[in-house]
Amino acid sequence: MSVISRDVLIAGGGMVGAALALSLARGGLAVALVEMHPPAPFAPDSEHDLRVSAINRASQRLFRTLGVWEGVRAMRVSPYQAMEVWDAGGSGCIRFEARELGEPDLGHIVENRVVQRALWDALEAEPGVICFCPDAVTHLDISACEARVTLESGARITTSLVVGADGARSRIREMAGIDLDSRRYGQQALVATVRTALPHQETAWQRFLPTGPLAFLPLSDGRCSVVWSADDERAEQLRDLDDVAFREALAEGLDHRLGAVVESSQRAAFPLRGSQARHYVRPRLALVGDAAHTIHPLAGQGVNLGFQDARTLAGVLLHGGAGDPGELRLLRRYERARRGDNVIMMRAMELFRYGFGSALPPLALGRNLGLMLADRAGPLKRILARRALGLDSPDLPYPPG
């Protein structure tokens, strides 16, 4: 089998890897994308997927630039107009509304498979991308001048840069010998789709319980996607409840804000951990998304951080002024731009998780007072909202979508 030469090889064609591949190809680079599981075709009458993401404005801008946002909208999106967060251990509450920010919405709840499918539809029409799917990287050899990759199919590829976008258990990270600083949070994210007696009002609802935060995210058909990040023992109890008892627990957990939970789908649980790769880059290698970092999902920022990785790395490679995409000095610009923000976000989510999970009276008093003061402090509240929504993220140059 002949050897194929590409400028960049991306291992992992999920949401972040696909967005990066499309960005680089639109900028004129020759890209190889390797993915084991191709996204399935979308059927409008299909059941909502259990895995959803809160897509913020910065990610939405990236999708518009790449010309895929309309494709996402044509499948299924759920804009939300407000977000309300409160503490089960007191009266503290904060509410954000789009109209207060002069925005049409606060973001969109989108199924992960919808985002991936829209990106792959664009990739399949992009001449600068060769997709190897289903396939996987089995061997990686990096030298000073190039990286040589062998795939499970037997295909051999030489490239200037290998990007690991292959998730939290990244094989590329392991092959490169990059260590991971990781900590288990002792919690699991229990996910399901539910219908409530009262309308969700296009509002994302989140209540901080002693065992972990419970979020009801509005869907376009009137239902809600539920993410309950509960301590392991509580998560296992919830997982094993019958449907009636599970619905009662959900309604009680949300303090009956949306009335009774009248329908619930199958449920799934995922262990939660925070992690940071010791290095995001090596000569001729870079990590993006969950391969580089994972955070607690309580603010729904994980995938948005991954998209920021993709847009930053693409901006550096396309407009960094170097002809070699694998040059370490160039890649370090990406690492410096992203690592600090990602670590800050991870630590902030951990602080929220531990602070709101504590029953100590001083902490309970402090967090409730903090929520009330933040809700009444207009400028601070606006800064928090704009930061969470990605409204103040700097635009990076991209070729037209």
Side-chain angles (χ1 to χ4, degrees), residues 4-43 49 51 53 55 58-77 108 110-137 149 151-153 155 157-167 170-172 286-291 303-304 306-318 325 396-401:
I4 300 169
S5 178
R6 307 299 283 176
D7 295 319
V8 179
L9 180 143
I10 301 171
M15 295 185 288
V16 173
L20 177 60
L22 192 57
S23 298
L24 296 178
R26 293 279 172 81
L29 294 181
V31 178
L33 181 65
V34 182
E35 169 59 38
M36 180 55 74
H37 305 289
F42 177 78
D49 196 46
R51 302 300 296 266
S53 295
I55 299 300
S59 298
Q60 182 182 334
R61 285 203 302 266
L62 172 61
F63 296 159
R64 286 193 183 279
T65 300
L66 296 176
V68 301
W69 180 240
E70 290 308 313
V72 171
R73 287 173 54 87
M75 284 183 273
R76 196 156 56 199
V77 300
H108 296 76
V110 190
E111 297 156 75
N112 292 1
R113 61 169 177 158
V114 166
V115 175
Q116 187 187 18
R117 182 67 263 172
L119 288 164
W120 272 71
D121 285 344
L123 283 171
E124 289 166 357
E126 178 56 55
V129 178
I130 299 177
C131 294
F132 294 86
C133 184
D135 217 332
V137 175
V149 176
L151 305 185
E152 193 173 277
S153 63
I157 305 166
T158 61
T159 182
S160 296
L161 173 66
V162 174
V163 178
D166 50 344
S170 171
R171 293 183 67 188
I172 296 298
L287 302 174
V288 295
D290 285 356
V303 75
N304 292 304
F307 287 131
Q308 285 291 89
D309 292 349
R311 69 194 292 267
T312 302
L313 181 56
V316 167
L317 296 182
L318 296 176
L396 295 175
Y398 276 102

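Residues: numbered from 1 along the sequence shown.
- Side-chain contact check for Leu62 versus Leu66: some heavy-atom pair is nearer than 4.5 Å.
- Summarising the geometry, atom CG belonging to Leu317 is positioned 7.5 Å from atom CG belonging to Leu20; distances are rounded to the nearest 0.5 Å.
- Residues forming a salt bridge (charged side-chain N to carboxylate O under 4.0 Å, His left out) with Glu124 (at least two apart in sequence, or on another chain): Arg117.
- Among all heavy-atom pairs drawn from Ala18 and Leu119, the shortest one is CB-CB, 3.8 Å.
- Residues Leu29 and Leu318 form a side-chain contact, since some pair of their non-hydrogen atoms from C-beta on lies under 4.5 Å apart.
- Atom CD1 in Ile172 sits 11.5 Å away from atom CD1 in Ile10 (nearest 0.5 Å).
- Atom-to-atom distance recorded for Leu313:CG and Leu161:CG is 6.5 Å, nearest 0.5 angstrom.
- Scanning all heavy atoms of the two residues, the minimum distance from Ala122 to Leu22 falls at CB-CD2, 3.7 Å.
- The minimum heavy-atom distance linking Leu33 with Gly13 is given by the pair CD1-CA, 3.9 Å.
- Val129 and Cys131 get closest at one heavy-atom pair: CG1-SG, 3.9 Å.
- Partners of Asp49 according to the side chain to side chain donor-acceptor pair (under 3.5 Å) rule, which considers only residues two or more places apart in sequence or in another chain, do not exist here.
- Not one N or O on the side chain of Arg113 forms a donor-acceptor pair closer than 3.5 Å with the backbone of Ala40.
- Annotation: side chain of Arg171 is not in contact with side chain of Val137 (no heavy-atom distance under 4.5 Å).
- Ser160 contributes atom OG, which lies 11.5 Å from atom CZ of Arg6 (distance to the nearest 0.5 angstrom).
- The main-chain N or O of Ala30 is found under 3.5 Å from a side-chain atom of Asp7 such that the two form a donor-acceptor pair.
- Using cut-offs of 30° and 60° on the angle between ring planes, the pair Phe63 and Trp69 is parallel.
- Side-chain N or O atoms of Ser23 include none that pairs as donor or acceptor with a backbone N or O of Arg311 at under 3.5 Å.
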Under the side-chain contact (heavy atoms from CB on, under 4.5 Å) rule, what do Val149 and Phe132 come out as? Steps first, then yes or no, please. CA-CA 12 Å; Val149 176; Phe132 294 86; over 6 Å; no
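- Contact annotation: the side chain of Phe307 approaches that of Val115 to within less than 4.5 Å [non-hydrogen atoms, C-beta and beyond].
- In this structure a side-chain-to-backbone donor-acceptor pair under 3.5 Å is present from Asp135 to Glu152.
- If you take CE on Met15 and CG on Asn304, they are separated by 9.0 Å, rounding to the nearest 0.5 Å.
- Checking side-chain atoms of Ser53 against main-chain N and O of Ile55 turns up no donor-acceptor pair under 3.5 Å.
- Proximity of Asp121 to Phe42: side-chain heavy atoms (C-beta onward) are nowhere separated by under 4.5 Å.
- Among all heavy-atom pairs drawn from Val72 and Ala118, the shortest one is CG2-CB, 3.5 Å.
- Across every non-hydrogen atom of Ala314 and Leu24, the tightest pair is CA-CD2, 3.8 Å.
- In this structure Glu35 satisfies the salt bridge (charged side-chain N to carboxylate O under 4.0 Å, His left out) test with no other residue, sequence neighbours excluded.
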